[in-house]
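Here's the structure, in structure tokens; my notes come after.
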2 protein chains.
Amino acid sequence: MMETDEVCGITAIDRKKVEHVEQNLPESNRIEKMAGFFQAFSDPTRLRIVLSLELEELCVCDIATIAGVSVSAVSHQLRYLRNMNVVKKRKQGKMVYYTLKDEHIREVIRTVFEHIREG
Amino acid sequence: MMETDEVCGITAIDRKKVEHVEQNLPESNRIEKMAGFFQAFSDPTRLRIVLSLELEELCVCDIATIAGVSVSAVSHQLRYLRNMNVVKKRKQGKMVYYTLKDEHIREVIRTVFEHIREG
DNA sequence: TTATTATTTGAACGATTGTGCAAATGTAAT
DNA sequence: ATTACATTTGCACAATCGTTCAAATAATAA
């Protein structure tokens, strides 16, 4: 017989390991926040927008051209990215120009991108 | 009048910028792959699984306990993560133990995690 | 063999997501 | 004022997602 135990109706095979993990895992809040961060880059259109803004400050219309979707769709995604603190906007007359919010975002993107290349 | 131009029915405000971005953007294939990579970590349950496997090699049942979802749900997510080359399995008798696939994944996770902490 | 346990798989379900359309808002030009 | 144009917003809809349940595999124990 293995070291088996009943916990909440689920069979925990190795209680020590489970406890070790549960004690060292970030709290749920943080994990959800982190997952949300990843989610911001998990859609091809959104990622293309972000990568574009790493190269140039762009207006909504130009982003739509580059992303190959409607201006409306881009606007929706930009709002999403703004809420996630990934991009910021600069208004100039009728136009609204978007850029990445800070260097921090740039570095994360670059890091992951490098690792993708290797993998 | 601004430097405006009709392209595919979409008004391109600044053709130079658009061309510069389009020429320096990764190709669609790569962007989609990269987005897929991010997507692997964009769900709280999946991210919790990955973070757990960074700490310990775990069987499916223990992962379910830690993640707080059914064994079935975990198995589905593990298959997803296996297809994405994030985790690998080791079979031992009835049990199947999972670990992160390589150090590469570990480093990406750590990097992003650090940046999240700061931001 | 039969029973038990761990995992996987497929189907079904509600929830979320990304999109385009149409209307609304904001801003500048005529 | 009216027109023109960039952007935003609300709605609807199809597609995808994450989950559980139940059945199927796989492997050990009795």
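Nothing here was measured: the structure is a model prediction, and the numbers come from that model. Residue numbers begin at 1 in each chain, while the letters A, B, ... track the order of the sequences.
Regarding A/Y80, its OH atom lies at a distance of 17 Å from the P atom of D/dT9, rounded to whole Å. Taking atom CE on A/M95 and atom C1' on D/dC5, their separation rounds to 10 Å, with Å as the unit. Between the CD atom of A/E32 and the P atom of C/dT16 there is a distance of 13 Å, given to the nearest Å.
Stacking annotation: B/H76 is stacked on the base of C/dT9 (ring centroids less than 5.5 angstrom apart, interplanar angle below 30 degrees).
A donor-acceptor contact under 3.5 Å links the side chain of B/S72 to the base of C/dT9.
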Protein-nucleic acid N or O pairs under 3.5 Å, nucleotides 25-30 of chain C:
residue : atom : partner : partner atom : Å
C/dG26  : O3'  : A/K91   : NZ           : 3.4
C/dT27  : OP1  : A/K91   : NZ           : 3.2

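A cation-pi contact, defined as under 6.0 Å to the ring centre and within 45° of the axis, is absent between B/R90 and B/Y98.
Using a 4.0 Å cut-off on heavy atoms, none of the residues of residues 48-57 of chain B approach DNA chain C.
Within the nucleic acid shown, B/Y98 comes within 4.0 Å of sugar-phosphate atoms alone, with no base atom in reach, counting heavy atoms only.
A donor-acceptor pair under 3.5 Å is absent between the side-chain atoms of B/D62 and the main chain of A/V18, judged by distance alone. With hydrogens and angles ignored, the 3.5 Å screen pairs a side-chain donor or acceptor of B/R46 with a backbone N or O of B/Q39.
Residues satisfying the salt bridge (Lys or Arg N to Asp or Glu O under 4.0 Å) test with B/E56, not counting sequence neighbours, are none.
Scanning both residues, A/L58 and A/S52, for their nearest heavy atoms gives CD1-CB, 3.9 Å.
A/L81 pairs with exactly one of A/L100, A/L53, A/I49, A/I105 by the side-chain contact (heavy atoms from CB on, under 4.5 Å) rule, that one being A/I49.
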